[in-house]
Amino acid sequence: MQRIGVFVCHCGSNIAATVDVKKVAEMALLEPGVVHAEDYQYMCSEAGQAKIQAAIKEKNLTGIVVCSCSPRMHENTFRSAAEKAGLNPYMVEIANIREHCSWIHKNVEEATEKAVILARAAIAKVNLNAPLKPGESLVTKRALVIGGGIAGIQTALDIADAGYEVDIVEKTPSIGGRMSQLDKTFPTLDCSACILTPKMVEAAAHEKITIYTYSEVEKVSGFVGDFTVDIRKKARFVDAGKCTGCGVCQEKCPSKKSLSEFNRGLNTRSAIYTPFAQAIPNVPVIDTEACIKMKTGKCGICSKVCQAGAIDYEQKDEILTQKYGAIVVATGFDTIKLDNYDEYAYNQSKDVITSLELERVMNAAGPTKGHLERLSDGKHPKEMVFIQCVGSRCSDGRGKSYCSKICCMYTAKHAMLIRDKYPDVNVTVFYIDVRTPGKNFDEFYRRAVEDYGVNYIKGQVGKVIPQPDGKLLVQGVDLLDNKQILKEADMVVLATAIEPNPDVRKIATMLTASIDTNNFLTESHAKLRPVESPTAGVFLSGVCQGPKDIPETVAQAGAAAVKAIGLLAKDKLMTNPCTAKADELMCNGCSTCANVCPYGAITYEEKEVNDHGIRETRRIAVVNSALCQGCGACTVTCPSGAMDLQGFSNRQIIAEVDAICR
Amino acid sequence: MYKIAKENLSALFQMIAGEQELYLPVNNNGQVNFAAWTEGANVDLDTLKSVKSPKDAFFPQSENLYTVTKENKKIKIEPEALKDQNFVVFGMKACDVKGVEVLDKVFLVDPVDTFYAARRAHGTIVALACHEPEETCFCKVFGVDAAEPVADVATWMIDGELYWKALTEKGEALTNAVASLLVDADEAKVEAEKEAIRGIVEKLPYSDLSLDGWNGDVLLDKFNSPVWEELYKPCLACGTCTFVCPTCQCYDIKDYDTGHGVKRYRCWDSCMYSDFTMMAHGNNRTSQMQRFRQRFMHKLVYFPANNDGMYSCVGCGRCVEKCPSALNIVKVIKAFENQGGEM
Amino acid sequence: MQELINRAKELLESGEVARVLGWKAGDLPYNPEPAYFEKAEDLKDFVYNGFCGANLSKYMIEASKLEGKTMVCLKPCDTYSFNQLIKEHRVDRDKAYIVGVGCKGKLDIEKAKKLGIKGIESVSGAEMSDACDTLTFQTIYGEKSCAYADAMLERCHVCKGKDHMIYDEIIGESRDTKDAERFAEVEMIEAMSPAEKFAFFQEELSKCIRCNACRNVCPACSCRKCVFDSTKFDSAQKANVDSFEEKMFHVIRAFHVAGRCTDCGECSRVCPQGIRLHLFNRKYIKDINELYGEFQAGADAEARGPLTNFTFDDCEPSIVAERG
Amino acid sequence: MSIETNEFRPKIVAFCCNWCSYAGADLAGSSRLAYPADVKIIRVPCSCRVNPMFILRAFEKGADGVILCGCHPGDCHYTTGNYYARRRMTLLFSMLDYIGVENGRTRVEWVSAAEGVKFSQTMNEFVEKIHSLGKNVRLGDLRCKN
């Protein structure tokens, strides 16, 4: 028989205002096994923990129930408090009477009744708890960073500087990411490439960093401290060891009609290409879709002109298997497709462009060599209209419900740069709100308005109508003046919403990291654990977690690195002891459980058993507790109940059910 | 001796049920079992054997013994009330009545089972002679006369009329209570029916079954016989034989948590089950052979040894009909017969 | 039958098998019992006829633990169970010499008795060599007869076919006895209102006496320790209380064998109360076929069962309410 | 203790997976998104941990409704758990429907950690549904009924 103590937390007034905590303690004392019950202002405080520890010692408690906030909040706090008082930490159960009770109910009587029942269920469970001991697993001292943009580069550099090996896996032929496509950065207006390129070079040169570009993560198995990852190195058809990066192949390549991904499709590239001049590695890849040799077997010019003999049409994809202790996701973002926004005529007019396309237009290495010109006829524009929140803050389901966060600032930047370089161009910005929280952000925006004369109109654009003369008629409203506005523009720039890179879904599934409805990776706690995924050992860096600008991304990248370093610095990890276990006298050895185990943690052994005097050799399931993550899929598939989950056993859950339905 | 026309039986049942509970064979979805009579019940007196024996009129499959409730930390125990109302079991066959006699040997000796005793005290048995015995019957082997059941009232169904004869005080009382529906009858037809039944019984395939060699003295010989090792093999370890048997009396006592308290109940158990007589250390019979042997040793050796030679089998043949593996007590008896009995 | 006995004798005498698992003649004309024969001379009691309904696959669990091979007689529908048991590592294929025995439909003596045939002394028309069209009974009360099909087990009316799924050799001819739709009864129940469905099953299950014959005969219920006998689940049950336990038992039993049940019909055959237990299993089979694609458990010994499998776009549980 | 009204107060058991739905319920709480107190949550590691026996057990002991919440398909913390749970529950619910249990008494809903609103809405809807069905009389052990 257990000796159980019940501790009811007031959580200030968070619980006590709606739940009669004294009554909960009083009722708990009537439950089987309960020998002690008390309530206190803040159980999680030092004083509260001390009360628990004192009761454990004085009353010889064998188990405790804390009626408090969610176990996701303080289960660990109370477990370690109990452990310090000599109680096995797994003899602690939490009744969640805050998030699941006091915060959602108003009627004190009702909330108290429910709190009593929740406490009762936790008591019923702890009556059946058994002390558990975590196992240990070794930590592989190597990190994987998925994504080679500024977030990934920064995270990798920070981890590598701490002395750990890091691999960066980048899908495209070069690291650099979105930032490499930007022209200038707000609010300082320094050149994006000028600050990014040194980081790229540093990463490439770092002895602890290995970069796999044109590569993708194919499979992830294992768990925190011991992930095994298959990386697919896609065939470049160019031997990186031999290539000198001279660029002759690209010059001579006769197939030059492929749209440049780097330049957002605004111009073309050759079939063998590096995405941009500063690409790292500076080794081209062959686009098999465009390559004449690949399609017809004829051509082979690149091979002929390559003095290094680096072209290898026979190259195959390679699968590299590597072990990691920590994984950082830095998969970044893309702009949304504008198919739902016909009213802006994006697909009808070349002169309606996205802001990211404008970055390329403004860039000296871009399709227009940095000259601001209309993409339809190359003419210099006189009137430019910027439309904000295209697909952001959307409530009609066509776009995204969230604010993309960066658009207000980059639009101010674009407006300012254009007005600075081409004072003859009038710039009008249609906005819903201008949001400029951030150091020097509002000052920056005000300079655009006050010093550069950018015309900001609060209101939305209903329609952009291409005119026969090539102009664009913009129909909008001015909410402040409460009037319709018709404006002829030469170019329209859409501040298109950003969304997580579509590949992140696949990666999240492989990592078993959770994802929200917008495909942003979920953090472990919105406030307190913002760079950790709920999946242990997986960390989040950059926009994959939520919209961010560059400084925020870099800051988060550093934070993710620190978390990963903290993990890699440990030699061993305690493993979750709530793992499955087969009762060898009941097991049929039928293999059904192994079929549903996602971790391959179940194997079978021919084992000699003594079943109440009958000695025989039986095929019996054996769970590798280092691999088992405790999902419980096996327990339900086992008809006899031979397979059970420690910490969430059949009897424990049934006891909770009974206590609730009583 | 009285009689009542078959078409008046429902009036008879109604009259009995007006005063007390009445259990009788009812056909439910093609299966005949003893059940409480209700208006419109599909009473079936033609089917020779109910699936389950009617023993649960006196020894129900599950019955509550007492209820424990908790008020704060105090525990209150409330015993289940004993049967205090009279009831009638109508249509039991001679073998089933004999089965009750076997149960009496278990439950009415010291210490008396009060639940059983109360039911026996309040129950009146109206037995029905077996009009057409079947090939699975072997009651004669155990001294049962299918033609003349020994009960509170004995009845015979002859040519659409039920002949009625009270044999005990309880039987007389019931007869008086329903006298208005009965008419006087002479015994000649009944005697003829008895002869006919006995004639058929002689012709039944099991009529020559011999129990020679089954008595207390042979205990160890029988127990140690290698025959069991062969015999038990088809046994599936289900409880069908025990649950249809009119004499099996083993039960288990278990607790049921109702959420408001605990009901301690007893329910039939089967010595064929692997957890039968499970104890803290485990089980005293670990193999199915041992469990199988136990059942028949008990019926044919241990029970008679303790009860003046009364076997704990009445030859109803239900196990013969219902065993999924076509095993039964007859095969067991015959297997030893073939062994010459000196094993 | 003689061919079968001859072959068994050969295999025993050559030492290829250590024993034969078949049927032994009973003490009544219709109750042969499953039996092992270790010596050739014992085969004089060997019998195989229309009353040999038992599915011997499950006996092979124990037989697989014995020294040497066992020649086992399996009817076409029994071979599905055997495959399923191989898949679940419960029997050892290498320990079995499977003789696929012919089957012309198996008999349910209760059905004959329900037709008023009683006092049976002998039966003819049920031998494998017979045409199996008519059964003739000699009884104490005179000669009676009935159509073979009228005394057939329910399962034979929805016969899965005359092919053996696994065997080492085949002896005897089989006949596909299907003359009814497998899911007709299930569909009939599905069409009922909730109250009617409830009443139907309440009536069926109130007959249950918890004898466990259905479970113990079932080749899919091969657990060493059934969850309903186990103290480890707080689910041990024995009471027959005519309220919830029977439903719990039968629904969960059917769930545990869902995707593994080959529809061999043994549960319905052995139920002493004639409960149509196959109605549970067949409901799961029908659902699985409709929702996850046609699946016949035991058609082979490898395929992944539908409940240990999934597709990304499986239907949601709400489909149950949606299809009404 | 109990509130003295004749009003039907359903007993509802909600099994929530630790990673998504339990967190979603926490979010509903911290966002103060109310739902009736009749809903009591049991935390399980994954929706695949929920044995059909737990659900029948709840009904046996007097529950009027049982709901299972887990991560959205594809988002399972354990990769595949909810896919198995989905098949299991589909078949179980179908069987309950088949034996005449009103099919609104059981439900599966996928609720992510970010869907506090959905959690609360789901619970409100479910409680309303159970109210419309009334007390569970078809399942449940007679011995548990007072």
Side-chain angles (χ1 to χ4, degrees), chain C residues 186 189-190 192-202 204-205 227-228 233-235 237 239 241-245 247-252 254-256 258-259 279-280 282-284 286-288 290-292 305-324, chain D residues 47-48 50-62 66-70 72-76 79-110 122 129 133 136-145:
Chain C
V186 173
I189 296 163
E190 285 172 341
M192 293 180 185
S193 72
E196 287 166 343
K197 287 174 182 168
F198 186 74
F200 176 85
F201 280 105
Q202 182 72 13
E204 275 291 297
L205 294 183
V227 70
F228 288 106
F233 218 111
D234 279 353
S235 57
Q237 302 185 341
V241 290
D242 200 10
S243 78
F244 186 68
E245 287 204 359
K247 289 192 194 79
M248 178 94 155
F249 175 78
H250 290 293
V251 168
I252 292 295
F255 185 84
H256 282 174
L279 292 177
F280 287 97
R282 239 175 249 170
K283 167 63 175 167
Y284 277 134
K286 180 170 179 281
D287 276 346
I288 286 166
E290 285 173 5
L291 301 173
Y292 309 122
L307 274 171
T308 55
N309 207 353
F310 61 85
T311 65
F312 296 122
D313 45 10
D314 278 344
C315 61
E316 293 293 330
S318 57
I319 192 167
V320 174
E322 285 153 14
R323 66 185 178 188
Chain D
S47 52
C48 71
V50 176
N51 195 310
M53 286 191 81
F54 301 161
I55 292 172
L56 294 195
R57 174 76 165 214
F59 284 126
E60 176 195 347
K61 298 286 178 177
V66 180
I67 181 164
L68 167 60
C69 299
H72 286 269
D75 292 349
C76 176
T79 326
T80 51
N82 49 7
Y83 290 121
Y84 295 117
R86 185 162 66 178
R87 282 200 171 187
R88 290 168 185 163
M89 293 305 136
T90 304
L91 289 181
L92 177 72
F93 293 1
S94 176
M95 179 56 79
L96 292 177
D97 175 67
Y98 181 69
I99 63 166
V101 178
E102 311 89 337
N103 55 40
R105 289 202 191 276
T106 48
R107 179 165 169 180
V108 166
E109 201 60 63
W110 312 119
T122 301
K129 178 76 191 175
L133 292 172
N136 158 31
V137 289
R138 296 202 176 143
L139 293 172
D141 198 296
L142 298 171
R143 291 171 292 185
C144 294
K145 295 182 176 147

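By convention in this document, chain letters (A, B, ...) are assigned in the order of the sequence lines, proteins followed by strands, and residues within each chain are numbered from 1. Model, not experiment: these values are computed from the prediction. Both backbone and side-chain heavy atoms feed into the values below; hydrogens, waters and symmetry mates do not.
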Side chain, backbone, both or neither: which part of [X] has an atom under 4.5 Å from a heavy atom of chain D?
{"X": "C:Phe198", "answer": "both"}
{"X": "C:Phe255", "answer": "side chain"}
{"X": "C:Leu291", "answer": "side chain"}
{"X": "C:Phe200", "answer": "neither"}
{"X": "C:Ser193", "answer": "neither"}
{"X": "C:Ala195", "answer": "both"}

Subject >> Under 4.5 Å from a heavy atom of chain C, the part of D:Pro52 involved >> reply: both
Original post:
Looking at C:Phe201 versus C:Phe280, is the centre-to-centre ring distance below 6.0 Å?
Top reply: yes
Subject >> Set of side chain to side chain donor-acceptor pair (under 3.5 Å) partners for C:Glu316, sequence neighbours left out >> reply: D:Arg86, D:Trp110
Original post:
What residues, two or more places apart in sequence or in another chain, satisfy side chain to side chain donor-acceptor pair (under 3.5 Å) together with C:Asn309?
Top reply: none
Original post:
Counting heavy-atom pairs under 4.5 Å to chain D, which of C:Ala254, C:Cys315, C:Ser318 comes out on top?
Top reply: C:Cys315
**OP:** Determine the option with the most heavy-atom pairs under 4.5 angstrom with chain D, choosing from C:Leu279, C:Ile288, C:Asp313.
**Re:** C:Leu279
**OP:** Considering only heavy atoms and a distance below 4.5 Å, find which of D:Val108, D:Thr80, D:Leu91, D:Val101 pairs most often with chain C.
**Re:** D:Leu91
Original post:
Picking from D:Pro73, D:Gly74, D:Gly104, D:Gly100, which has the most non-hydrogen pairs under 4.5 angstrom with chain C?
Top reply: D:Gly100
**OP:** Give a yes-or-no answer on whether the side chains of D:Asp97 and D:Ser94 include a donor-acceptor pair shorter than 3.5 Å.
**Re:** no
**OP:** Might you point out which heavy atoms bring D:Gly81 and D:Cys48 nearest each other, and give the distance in Å?
**Re:** O-CB, 3.2 Å
Subject >> Within 6.0 Å of NZ in D:Lys129, more than 12 heavy atoms from elsewhere >> reply: no
Original post:
So how far is it from D:Glu60 CD to D:Asn136 CG, rounded to the nearest 0.5 Å?
Top reply: 11.0 Å
Original post:
Looking at D:Thr106, D:Ile55, D:Asn51, which one forms a side-chain contact (heavy atoms from CB on, under 4.5 Å) with D:Leu92?
Top reply: D:Ile55
